[in-house]
2 protein chains.
Amino acid sequence: MSKRQTLLDIANRAGVSPRTVSNVVNGYVPVSDKLRKRVEQAVEDLGYRPNFMARSLRNGRTGLMALVVPEIDVPYFAELSRTIIEEADALGYRVMIDQTAGQMVRERAHIANATQSTLFDGIIFSPLALSPSDLADIAGSTPFVVLGEHSHGGLFDHVALDNVQAAADVIAHLHSIGRTRIAAIGQGVGPSDGTKQLRYDGYVRGLEQVGLPFDPGLVPQSSRRHRELGFDATMQLLDRTDFDALFCFSDLIAIGAMRALASRGIRVPEDVAVVGWDDIAEAEFSNPPLTSVAPDKSVLAKTTLGYLIDRMSDPAIAPRDFVVPHTLQIRESSVGVAL
Amino acid sequence: MSKRQTLLDIANRAGVSPRTVSNVVNGYVPVSDKLRKRVEQAVEDLGYRPNFMARSLRNGRTGLMALVVPEIDVPYFAELSRTIIEEADALGYRVMIDQTAGQMVRERAHIANATQSTLFDGIIFSPLALSPSDLADIAGSTPFVVLGEHSHGGLFDHVALDNVQAAADVIAHLHSIGRTRIAAIGQGVGPSDGTKQLRYDGYVRGLEQVGLPFDPGLVPQSSRRHRELGFDATMQLLDRTDFDALFCFSDLIAIGAMRALASRGIRVPEDVAVVGWDDIAEAEFSNPPLTSVAPDKSVLAKTTLGYLIDRMSDPAIAPRDFVVPHTLQIRESSVGVAL
DNA sequence: CTGAAAGCGCTTACAG
DNA sequence: CTGAAAGCGCTTACAG
């Protein structure tokens, strides 16, 4: 490999000033046809590419956004990422995904790094373990928007669904199809994060609204996560109580729960109805297909990017809160095939 | 927000030269305790953070790697990404995921951009629509490694499993449990990409090796993708022939196939055994759990990063080829619960 | 151990 | 429409 060519090399070869090369490369000022041709030829001959670092340093912007997620192999985050990347592309921004691997220490480091580094023009944080005040402490000057279910006390731009309402919607649905012993699956053993707490609150409120009694025995806890949590919590339940429906805090949890039910020969939905949350692609193809709370991912992505771009142009905007619309996607796991 | 502080601001406030600030910030030369304290105080007071662009421009390296994948919401890519990010982290590199959204035009653009931009010290390309010669044409000077199933003619470092062998292993397994009408699901309608072709070749070879006849009627084609392809192709098959096993080219395809079978009341594995490929997390939790070809993702990630780091330090190394070990993860979808 | 100065590769007011 | 020159914010040989 020969040494990388610079803009000056092009200028020399074409016999023009660096300024003219820059103009041609960026298509700015009307350059005379003759010079443009000469420059383009030199660019071609030498295989010149502008140096991203130098350009960004000079311009003070990069055209890059970061999307910070805890775990990219959780399908909800993967699907969200895809949607955001595609929407951003349409707006002329390139989004890179930055995974923190779900540990709070790494989350802090990545956020500090991203907001302080000038590498990104804007940042999107997807559900975080960090509290709003933590976030305020470590955040640098890069504009950002927070996604997901935490309440951020009006400190930052925030986009999320109405978790309490959606959870209550699930209970209303299960009650409407005649279920009375509805378990809630998703509680960990440690302190509850914002999302779980909101969905739990919605569960309690939903029971109240339809007039069903609350039974703590229907709220198992597990130290596992995702599918394993669903499997584990459902096994606990099977060993100790009767129930005719499972409200799972995520589709992954629901998938784990359905595996546990199948392993005991329990039929879904005849014996137990199951509802998940996120409406990931898998929900449509599980056996049986899974009823799930479906956030409008496209609206979510568009609003988030809109907020971010607003804030990039004016950092002084007062923080906003957007409630993403949701629907309950009803499938066989709650209503059966006889729909 | 006040204006961002520079290294010079710190130098002025601490009453030292920029060189000393740089030394302190980077922990290079033994700076006297007195000066170090002064500098650290100034950094603290002014909330100084080094400018990533300026530093990278000067150093000629960024500490960043890119992982270019077609579709981040395909679980195999998401799981692969997570593994690579975690391995790279241990090596002191930060990996950002760059999704091309599966279109060849965008793939070209992203690769060109990544290899020519100096933003990344190294790049990992995951299975691509591009042919080796395409890749050679557009690639810039940034070192890269190609993952996945294409044959790249020894032009680049390449890490992949032995697709032909693994496919033959699947057939051997299905034959060993008494299956004789084994369909292959994964063929599209257009020109076959490298991966599909290799798995198809392995299917044909596998049949030969166990002495089963090849029947083109057992190789349906579909214009859909992923789960939908599996569903669609299986429906075609159900409408036109008998079969007692499905060899699916990916777990997503297998999940779609199992949905189709379930919708017709066909039992897995009693009536039809199903095998997938990739061993994604979902495979363990599907109903029934899915037998799947399992690449050793950890070895894959470690080898890939090793190759890349080698090449970063010496671009002249001859291209290498690594065969990732695989196993067949046997679950209920082929052998039933009576294991 | 520390300072003054050059330079990484761009872009863009400032002149013409 | 084009050129010569300064500067974005760092790091590091060169002196001391």
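Predicted, not measured: the structure shown is a model, and the values here were computed from it.
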task = Using the P atom as the reference point in each nucleotide, state the distance between D:dA6 and D:dT2 in Å, no decimals.
result = 23 Å
Check: If the P atom of D:dA13 is compared with that of D:dG9, how far apart are they to the nearest Å?
Finding: 23 Å
Assign each of A:M53 and B:S17 the nucleotide of DNA chain C bearing its closest heavy atom; nearer the 5' end lies the nucleotide of B:S17
Donor-acceptor check, side chain of B:N12 to backbone of B:D9, threshold 3.5 angstrom: yes or no? no
In whole angstroms, the gap separating C1' of D:dG7 from CZ of A:R19 amounts to 15 Å
With rounding to whole Å, what would you report as the distance between C:dC14 and C:dC10 at their P atoms? 24 Å
Point to revise | Span that lies between the P atom of C:dC8 and that of C:dA4, in whole angstrom | key: 22 Å
Review point. Can B:N113 and A:R94 be counted as having a side-chain donor-acceptor contact under 3.5 angstrom?
Key: yes
Whichever of A:V25 and B:L57 has the more 5' nearest nucleotide on DNA chain C, that residue is B:L57
To the nearest angstrom, the CG-P distance between A:L119 and D:dG9 comes to 16 Å
A:L8 atom CG is separated from C:dT12 atom P, nearest whole Å, by 17 Å
Practice prompt. Could you tell me whether the side chain of A:Q99 and the main chain of A:I72 form a donor-acceptor pair under 3.5 Å?
Written response: yes
Rounded to whole Å, the CG-P distance (A:L7 to D:dA4) equals 14 Å
Rounded to whole Å, the CZ-C1' distance (B:F52 to D:dC10) equals 13 Å
Taken in chain and number order and not counting sequence neighbours, the residues that satisfy salt bridge (Lys or Arg N to Asp or Glu O under 4.0 Å) with A:D296 are none
Separation of C:dA13 atom P from A:N23 atom CG, nearest Å, is 11 Å
For this session: Just say parallel, tilted or perpendicular for the rings of B:F322 and B:Y307, cut-offs at 30° and 60°.
Result: perpendicular
So the stems of DNA chain D, runs of at least three Watson-Crick or G-U pairs (under 3.5 Å), are C:1-3 with D:14-16, C:5-12 with D:5-12, C:14-16 with D:1-3
Rounded to whole Å, CG of B:N51 lies from C1' of C:dC8 at a distance of 13 Å
